[in-house]
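Note that the structure is a prediction, hence the values are computed from the model and not measured.
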Amino acid sequence: MKAVVCTQLGDPKLLEVKEYNKPNISENEVLIKVEAAGVNFPDALLVQGKYQIVMEPPFVPGNEVCGYIEEIGEKVKLPIGTKVIGIPTIGGFAEYVSVNKNLVIPVNNEFDSLAGASLPINYGTSYYALKRRANAKNGETLLVLGASGGIGTASIQLAKIMGLKIISAVGSDEKADYVKSLGSNEIIRYDKVDLKEAVKDLTEGKGVDIVIDPVGGNATEQALRATAFNGRLLVIGFANGEIPKISLNLTLVKGVSIVGVWWGRWTNTSPHETAEDFQELVSYVNEGKLDIVPKNIFNLEQTYLALESFLSRKNIGKSVIKF
Ligand SMILES: NC(=O)c1ccc[n+]([C@@H]2O[C@H](COP(=O)([O-])OP(=O)(O)OC[C@H]3O[C@@H](n4cnc5c(N)ncnc54)[C@H](OP(=O)(O)O)[C@@H]3O)[C@@H](O)[C@H]2O)c1
């Protein structure tokens, strides 16, 4: 089968598209013929050896796919031919991938494959963050940092469904236009204005109830200072590359909670809740409440371009490889 192979850790340009062994499945796995695979910021870190898990090459990156079941293990009950969203631990950027039966979500044949491959990581993480880590309530105000990115755009769309008022922080006019098209209520150019003051102006001095922070660096403390009493700052990632160090007195005087969000680990420890969240996300799509349209479609040979756009701060919206 054809696959994107990391043969040495380093620049995404080093990735090779080549023939690779089709995976064997164990008794609890299915083999998926991949129609589309989602590309994410962590993939760019993984191929460089900079992710929290360092993998020994050769390996095929990729953790979210949509396609059809081609083979099943002895303990799997799903019929061959079922269309599914799959969350492999690795190996998604290939024509075939093996996935544990607990991390496979059946969808109907009309479910768009590009949308399916876009759903697990960004929408799964953002939903887990807002619903389970922040206990977001209808009417609360949300500040999204890096709002035009993968996590940011998913958070905006889900926050709208949950009835939150959304303030998006972005670093360019093009990014501002994109988050506006997704329905963000307010936009702050945090590369140009003081984030804390801008948030206070937009919230009549009260601050925001919840912050989605996939960025880190200086923006984190500014956002923390712009939270309302009883606010929650959700630590999702450090796209900026700098891990902020926060004085804890800030949390005391503002009554704010700093809440860590590691979705991948939670999916392993809480498979039933994970499945529940996925059913809800899939039903939002089926009911027309959630329209997942990836902005950037690549072929296998262009995978490195998708990864480079994360590292150069150029990514906007969701990137997907179409087979
Ligand atoms: N905790 C979890 O379970 C989990 C799950 C998925 C992803 N993540 C993490 O979340 C982070 C964001 O992922 P994403 O998919 O949203 O990435 P993305 O699409 O690239 O968006 C990240 C945003 O961060 C901002 N940014 C600020 N400084 C940057 C810099 N030096 N380089 C790149 N971006 C910079 C950019 O927006 P502006 O230009 O507007 O500032 C960019 O749009 C990553 O660190 C990823 O590993 C965590």
Side-chain angles (χ1 to χ4, degrees), residues 118-170 179-180 182-188 190 195-196 198-200 202-216 219-220 222-237 250-251 254-267 269-270 272-285 287-292 318:
S118 305
L119 186 139
I121 294 180
N122 289 340
Y123 293 85
T125 302
S126 301
Y127 200 43
Y128 167 57
L130 291 170
K131 174 184 163 183
R132 298 188 184 268
R133 301 298 282 152
N135 296 314
K137 289 176 198 66
N138 191 305
E140 287 194 305
T141 308
L142 172 72
L143 170 65
V144 185
L145 305 184
S148 65
I151 290 287
T153 50
S155 296
I156 292 170
Q157 288 188 282
L158 292 171
K160 276 184 77 72
I161 294 171
M162 297 167 96
L164 308 184
K165 185 186 168 204
I166 305 150
I167 301 174
S168 292
V170 294
V179 298
K180 203 168 179 186
L182 294 177
S184 178
N185 301 92
E186 305 283 356
I187 294 164
I188 297 174
Y190 67 157
L195 179 63
K196 179 187 151 199
V199 169
K200 292 273 165 135
L202 291 171
T203 56
E204 291 161 354
K206 180 176 165 267
V208 289
D209 300 301
I210 304 168
V211 179
I212 286 274
D213 182 7
V215 176
T220 302
Q222 288 187 46
L224 188 67
R225 288 181 184 275
T227 48
F229 194 66
N230 281 335
R232 290 86 86 200
L233 183 137
L234 298 159
V235 180
I236 308 231
L250 275 176
T251 63
K254 298 185 71 67
V256 171
S257 305
I258 298 178
V259 188
V261 178
W262 187 1
W263 175 76
R265 176 151 187 196
W266 175 75
T267 58
T269 56
S270 308
H272 298 296
E273 288 87 348
T274 304
E276 188 183 300
D277 283 8
F278 273 126
Q279 288 316 324
E280 289 173 18
L281 290 170
V282 167
S283 64
Y284 291 151
V285 176
E287 291 161 15
K289 290 183 187 164
L290 177 60
D291 191 15
I292 303 180
K318 182 68 193 173

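- Looking only at side-chain heavy atoms (C-beta outward), D277 and K131 come within less than 4.5 Å of each other.
- Contacts classified as salt bridge (Lys or Arg N to Asp or Glu O under 4.0 Å) and involving residues 141-153 (residues at least two apart or in different chains) are not found.
- Using a 4.5 Å heavy-atom cutoff, the side chains of N122 and I151 are in contact.
- Paired with R132 under the rule salt bridge (charged side-chain N to carboxylate O under 4.0 Å, His left out), one option of E273, E276, E280 passes, and it is E276.
- A pairwise comparison of heavy atoms in A228 and V256 identifies O-CG2, 4.0 Å as the closest pair.
- The salt bridge (Lys or Arg N to Asp or Glu O under 4.0 Å) search around K206 returns D209, not counting sequence neighbours.
- Contact of the T251 side chain with the S257 side chain is not registered, since no non-hydrogen atoms from C-beta on lie closer than 4.5 Å.
- The neighbour count for E204 CD, taken as heavy atoms of other residues, nucleotides or ligands under 6.0 Å away, does not exceed 12.
- Summarising the local packing, NZ of K180 is surrounded by 12 or fewer heavy atoms from other residues, nucleotides or ligands at distances under 6.0 Å.
- Across all non-hydrogen atoms, the minimal contact from A136 to M162 is CB-CE, 4.3 Å.
- Minimum interatomic distance between L143 and A169 (heavy atoms only, all atoms of both residues): CD1-CB, 4.4 Å.
- Heavy atoms only, all atoms of each residue included: A159 and L130 are closest at N-CD1, 4.2 Å.
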